[in-house]
Amino acid sequence: QVQLVESGGGLVQAGGSLRLSCAASGRTFSRYAMGWFRQTPGKEREFVAAISWSGASTYYTPSVKGRFTISEDNAKNTVYLQMNSLKPEDTAVYSCAAKISTGIYFNSYQYDYWGQGTQVTVSS
């Protein structure tokens, strides 16, 4: 079993930055593919970014590419999402997810474990 806990959300003005953290506990972290997703009320969960278990591969949804960076620190069992140049449309609950596998994954149904989410609000 794996527990994921997100932190770092908050209120920021457009153009600002936030760094989200996802701390994992339980089984060995270094064998997990990780992803970040976001969701707003009335909409489906949306893929944001993913990183492979080795950290060698990353992938982003086009709307955040060049602004967001996903990274991991296996020594701390933590994955990060650095969000720069934030826009009001980035406002959502952001959740991290883990999959016990190699590779890189873009669909929410492919992930095995989820955090509770952290709210990000970007004001205009």
Side-chain angles (χ1 to χ4, degrees):
Q1 195 74 355
V2 175
Q3 293 77 43
L4 303 174
V5 179
E6 302 95 335
S7 61
L11 174 64
V12 63
Q13 289 187 333
S17 299
L18 284 174
R19 188 177 79 157
L20 305 183
S21 300
C22 174
S25 60
R27 299 177 60 178
T28 304
F29 182 71
S30 61
R31 292 295 183 265
Y32 291 90
M34 302 294 294
W36 284 97
F37 291 78
R38 64 187 181 187
Q39 190 170 22
T40 54
K43 294 187 177 181
E44 292 189 357
R45 185 176 284 164
E46 176 190 20
F47 168 77
V48 177
I51 189 166
S52 62
W53 72 273
S54 66
S57 298
T58 58
Y59 191 80
Y60 302 89
T61 193
S63 64
V64 308
K65 194 172 183 180
R67 300 189 297 123
F68 291 11
T69 302
I70 188 170
S71 62
E72 61 182 13
D73 185 338
N74 284 341
K76 296 182 179 180
N77 289 347
T78 301
V79 64
Y80 304 98
L81 185 67
Q82 177 67 44
M83 306 186 295
N84 298 328
S85 302
L86 283 161
K87 303 175 181 180
E89 50 264 44
D90 294 318
T91 295
V93 174
Y94 284 71
S95 299
C96 66
K99 178 175 177 62
I100 305 171
S101 183
T102 60
I104 190 166
Y105 303 91
F106 319 126
N107 298 298
S108 59
Y109 67 83
Q110 295 174 301
Y111 285 86
D112 303 311
Y113 303 100
W114 290 86
Q116 82 289 349
T118 185
Q119 177 70 47
V120 171
T121 303
V122 184
S123 62
S124 57

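Keep in mind that what you see is a predicted model, and the values were worked out from it rather than measured.
The side chain to side chain donor-acceptor pair (under 3.5 Å) test applied to Ser25 returns Gln3, not counting sequence neighbours. In this view, Arg67 and Asp90 satisfy the salt bridge (Lys or Arg N to Asp or Glu O under 4.0 Å) rule, not counting sequence neighbours.
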Please list every donor-acceptor pair under 3.5 Å in which a side-chain atom of residues 79-87 meets a protein atom from a residue at least two apart or in another chain.
| residue | atom | partner | partner atom | Å |
| --- | --- | --- | --- | --- |
| Gln82 | NE2 | Asn84 | OD1 | 2.9 |
| Asn84 | OD1 | Ser17 | OG | 2.9 |

Residues 117-124, side-chain donor-acceptor partners within the protein, below 3.5 Å, at least two apart:
| residue | atom | partner | partner atom | Å |
| --- | --- | --- | --- | --- |
| Thr118 | OG1 | Gly9 | N | 3.3 |
| Gln119 | NE2 | Ala92 | O | 3.4 |
| Gln119 | NE2 | Thr121 | OG1 | 3.3 |

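Val12 and Val93 are assigned to two separate hydrophobic clusters, defined by single-linkage of ILVMFWY side chains at heavy-atom distances under 4.5 Å. Linking ILVMFWY residues whenever their side-chain heavy atoms come closer than 4.5 Å, directly or via other members, places Val2 and Ile70 in the same cluster.
Taking CG from Asp112 and CD from Gln1, the interatomic distance works out to 10.0 Å, rounded to the nearest 0.5 Å. Taken from OG in Ser54 to CG in Asn74, the straight-line distance is 9.5 Å, to the nearest 0.5 Å.
Between Ala33 and Gly103, the shortest heavy-atom contact is CB-O, 3.6 Å. Across every non-hydrogen atom of Thr78 and Ser21, the tightest pair is CG2-CB, 4.2 Å.
Between Phe68 and Tyr94, the two ring planes are tilted [angle within 30° to 60°].
Residue pairs meeting the salt bridge (charged side-chain N to carboxylate O under 4.0 Å, His left out) criterion with at least one member in residues 42-60, sequence neighbours excluded: Arg38-Glu46. Residue pairs meeting the salt bridge (charged side-chain N to carboxylate O under 4.0 Å, His left out) criterion with at least one partner in residues 6-24, sequence neighbours excluded, are absent. Here disulfide bond (SG atoms under 2.5 Å apart) pairs that include residues 47-115, with residues two or more places apart or in two chains, are Cys22-Cys96. Counting only residues at least two apart or on different chains, no disulfide bond (SG atoms under 2.5 Å apart) pair has a member in residues 37-92.
The other residues sharing a hydrophobic cluster with Tyr111 are Phe37, Phe47, Tyr59, Ile104, Tyr105, Phe106, Trp114, where clustering joins ILVMFWY side chains under 4.5 Å apart.
Considering only heavy atoms from C-beta on, Tyr60 comes within 4.5 Å of Thr69 through its side chain.
Side chain of Ser101 to main chain of Lys99: no donor-acceptor pair is present (N/O by atom type, distance under 3.5 Å, no hydrogens or angles).
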